[in-house]
Undergrad: 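Before I ask anything, let me first share the structure, which is written out below as structure tokens.
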There are 2 protein chains.
Amino acid sequence: MSQMMQNVERQLREMILALEIGPGERLTERWIEGRFGASRTPVRAALLRLETEGLVGRDGRGWTVSPINLAELEQIAVYREAVEVAALRLTCGQADKSAIDVIEAMLDSCDENTPREEWHRVGMDFHIELARLSGNEFLFRAVRDAMTRLSRARWLEVRDETALGRAWLEHRAILAATRLAQADEAARLLSAHIVGSRDRLVTSLANDRRGLRARGFAVVAA
Amino acid sequence: MSQMMQNVERQLREMILALEIGPGERLTERWIEGRFGASRTPVRAALLRLETEGLVGRDGRGWTVSPINLAELEQIAVYREAVEVAALRLTCGQADKSAIDVIEAMLDSCDENTPREEWHRVGMDFHIELARLSGNEFLFRAVRDAMTRLSRARWLEVRDETALGRAWLEHRAILAATRLAQADEAARLLSAHIVGSRDRLVTSLANDRRGLRARGFAVVAA
DNA sequence: GATACCATTTTGGGATACCAACCTGGTATC
DNA sequence: GATACCAGGTTGGTATCCCAAAATGGTATC
């Protein structure tokens with residue numbers, strides 16, 4: 001795998017995740033080609049990869065950036081609950097809990113001066129890194145992929161300070177239970193956290209749907 | 001997506017799954033090109049897709065058919081246990097249980113005259129179709145992908161009649177509990193089935209490892 | 001003014017040409 | 001005989017060309 005190919009893929013993914021290309025927008029291979037100064041071969045490789053990540057999809061013969069799909073977000077929440085809880089239970093059964101400190105430090109790195117974008121990223125990485133601790137590559141990838149699919153929606157969500165603070169408290173509670181190897185308690189907290197996040201997310205987007213569409217973002221109802 | 005591209009992908013996948021190309025074997029884009037009468041563009045697309053399915057991988061600059069990896073098989077079992085149980089619990093909560101009859105009919109379609117290959121296929125489809133009933137696209141895909149990754153290994157497994165019969169009994173017991181909406185019981189049966197299958201599979205392959213390597217199949221130890 | 005129709009352009013899929021890196025095999029040197 | 005080295009072939013990565021199909025836009029017809 002070459003440099004150019006990885007670059008096109010990475011840059012295009014970042015543009016999509018950062019909503020610089022809006023959900024539902026059409027993509028032409030020729031536009032990408034010109035935008036990144038690559039030829040069509042790496043462009044097509046990047047599109048194929050991003051398709052499996054769910055970030056772009058086919059629209060007849062062409063390509064579109066995947067719209068935000070509320071029904072899909074709900075299904076992803078169920079999916080990630082299954083895999084994240086499984087991963088967390090594995091982690092609870094491990095002797096060495098020192099890696100948890102690293103994750104706690106991630107949470108500590110955010111304070112009131114931290115830019116909103118960073119909170120967003122750390123909030124996702126918390127779940128990804130927590131899943132990595134399980135040592136199971138497939139559970140880890142599943143969580144990472146799910147978070148990627150949720151990423152744009154979470155960025156669009158209007159979250160007030162209290163919701164953000166509550167999420168952080170929940171994260172810490174999950175870590176505390178995991179550190180004590182209280183698998184059932186940790187699993188219960190994580191499930192509740194995921195379900196709560198999903199509800200707030202879907203509610204927020206459904207309420208904002210009109211505004212989002214006005215900004216040119218395709219949002220499919222649940 | 002065109003005809004040629006899908007065909008190359010489908011045919012190559014079938015050759016790999018049928019072990020017509022052995023685990024660990026090197027692949028060159030030019031060989032595939034000639035073998036299927038396609039040019040490198042669809043070949044490349046097929047390889048990229050199969051890479052995400054875990055059937056082929058990179059070997060430095062080139063491509064190889066993924067070896068059978070016993071450690072990976074164990075991890076996949078944990079992964080599929082999480083997603084299959086989650087899917088089954090969803091299905092148990094549904095009112096309409098008529099779709100279960102279709103799956104039961106799949107099992108009925110196999111008898112002592114059925115070729116081994118068909119037993120193999122139905123054994124996988126049972127789990128895939130059961131997951132589909134959950135209605136959750138992501139759980140379904142996760143199960144389907146996991147079964148794809150397990151497929152070659154299960155084909156190599158030396159299974160005696162009793163093991164095969166036991167698997168069928170377990171499948172029927174799972175369906176019965178699901179039909180009665182006994183979620184906990186169904187989940188327990190499914191978990192036990194998956195763990196048992198994994199143990200038999202890994203044990204069988206580990207015992208046969210020498211013979212498999214002699215046949216030219218790369219088998220990585222756990 | 002609406003609509004059916006046709007020429008033009010655009011687009012993605014496929015094929016091919018080219019290149020740089022890498023492997024390979026043979027040869028020259030010690 | 002061992003080894004260093006070089007030439008030729010092979011391979012994946014990239015760029016580019018061609019094509020059929022689909023979209024587009026303008027025009028003629030009613």
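Proteins get letters first, then strands, A, B, ... in listed order; numbering begins at 1 in each.
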Undergrad: Can you identify which nucleotide, out of D/dA15, C/dA15, C/dG13, has its nearest atom closest to the A/P42 side chain?
TA: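 Between D/dA15, C/dA15, C/dG13, the one nearest the side chain of A/P42 would be D/dA15.
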Undergrad: Please state how far atom CD1 in B/I32 lies from atom P in D/dT11, giving the value in whole angstrom units.
TA: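 Value for this atom pair: 12 Å.
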Undergrad: Contact between A/S66 and A/E72 at the side-chain level, heavy atoms closer than 4.5 Å - yes or no?
TA: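 No, too far: nothing below the 4.5 Å cut-off.
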Undergrad: Starting from C1' on D/dG13, measure out to CZ on A/R44 and report it in whole angstrom.
TA: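 That distance rounds to 14 Å.
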Undergrad: Honestly, is A/R58 close enough over A/W63, meaning NZ or CZ under 6.0 Å from the six-membered ring centre and within 45° of the axis?
TA: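 Yes, A/R58 sits over the ring of A/W63.
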Undergrad: When every nucleotide of nucleotides 16-21 of chain C is labelled 5' to 3' by its protein contacts under 4.0 Å (heavy atoms), B for base, S for sugar-phosphate only, - for none, what sequence of letters results?
TA: BBB--B
Undergrad: Is the shortest side-chain N/O distance from A/R58 to OP1 or OP2 of C/dG13 below 4.0 Å?
TA: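 So the side chain of A/R58 is within the cut-off, an N or O lying under 4.0 Å from OP1 or OP2 of C/dG13.
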Undergrad: Return the value, rounded to whole Å, for the distance between atom CD of A/E29 and atom C1' of D/dA15.
TA: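 About 14 Å, once rounded to whole Å.
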Undergrad: Rounded to whole Å, please give me the gap between CG in B/L48 and C1' in D/dG12.
TA: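 Rounding to the nearest Å, CG of B/L48 and C1' of D/dG12 are 12 Å apart.
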Undergrad: Any ion pair linking A/E117 and A/R121 (charged N to carboxylate O, less than 4.0 Å)?
TA: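 A salt bridge is absent here (no side-chain N lies under 4.0 Å from a carboxylate O).
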Undergrad: Do B/I32 and B/L47 make a side-chain contact, defined as non-hydrogen atoms from C-beta onward lying under 4.5 Å apart?
TA: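 They are in side-chain contact.
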Undergrad: Should D/dG12 form a Watson-Crick or G-U wobble pair with both distances under 3.5 Å, which nucleotide is its partner?
TA: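 The answer is C/dC19, by the H-bond criterion.
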Undergrad: Is B/L175 close to B/L107 at the side-chain level, that is, under 4.5 Å between some pair of heavy atoms?
TA: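 Side-chain contact under 4.5 Å: yes.
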Undergrad: Return the residues of residues 20-28 of chain B meeting this criterion: a heavy atom under 4.0 Å from some atom of DNA chain D. Order them by number, or give none.
TA: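 Hits under 4.0 Å, by residue number: B/L27, B/T28.
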Undergrad: Is a salt bridge present between B/E74 and B/R198, judged by a nitrogen-to-oxygen distance below 4.0 Å?
TA: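 Result for this pair is no, no salt bridge flagged.
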Undergrad: Show me the side-chain donor-acceptor pairs of residues 127-134 of chain B shorter than 3.5 Å, one per line, residues at least two apart or across chains.
TA:
from, atom 1, to, atom 2, distance (Å)
B/H127, ND1, B/R80, NH2, 3.3
B/H127, ND1, B/E84, OE1, 2.8
B/H127, NE2, B/H171, NE2, 3.3
B/H127, NE2, B/H193, NE2, 3.2
B/E129, OE1, B/R132, NE, 2.9
B/E129, OE2, B/R132, NH2, 3.1
B/S134, OG, B/A131, O, 2.7
B/S134, OG, B/N136, N, 3.1

Undergrad: Can you tell which of B/V83, B/I76, B/V78 makes a side chain to side chain contact (heavy atoms under 4.5 Å, CB included) with A/F138?
TA: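 Exactly one option meets the side chain to side chain contact (heavy atoms under 4.5 Å, CB included) with A/F138, and it is B/I76.
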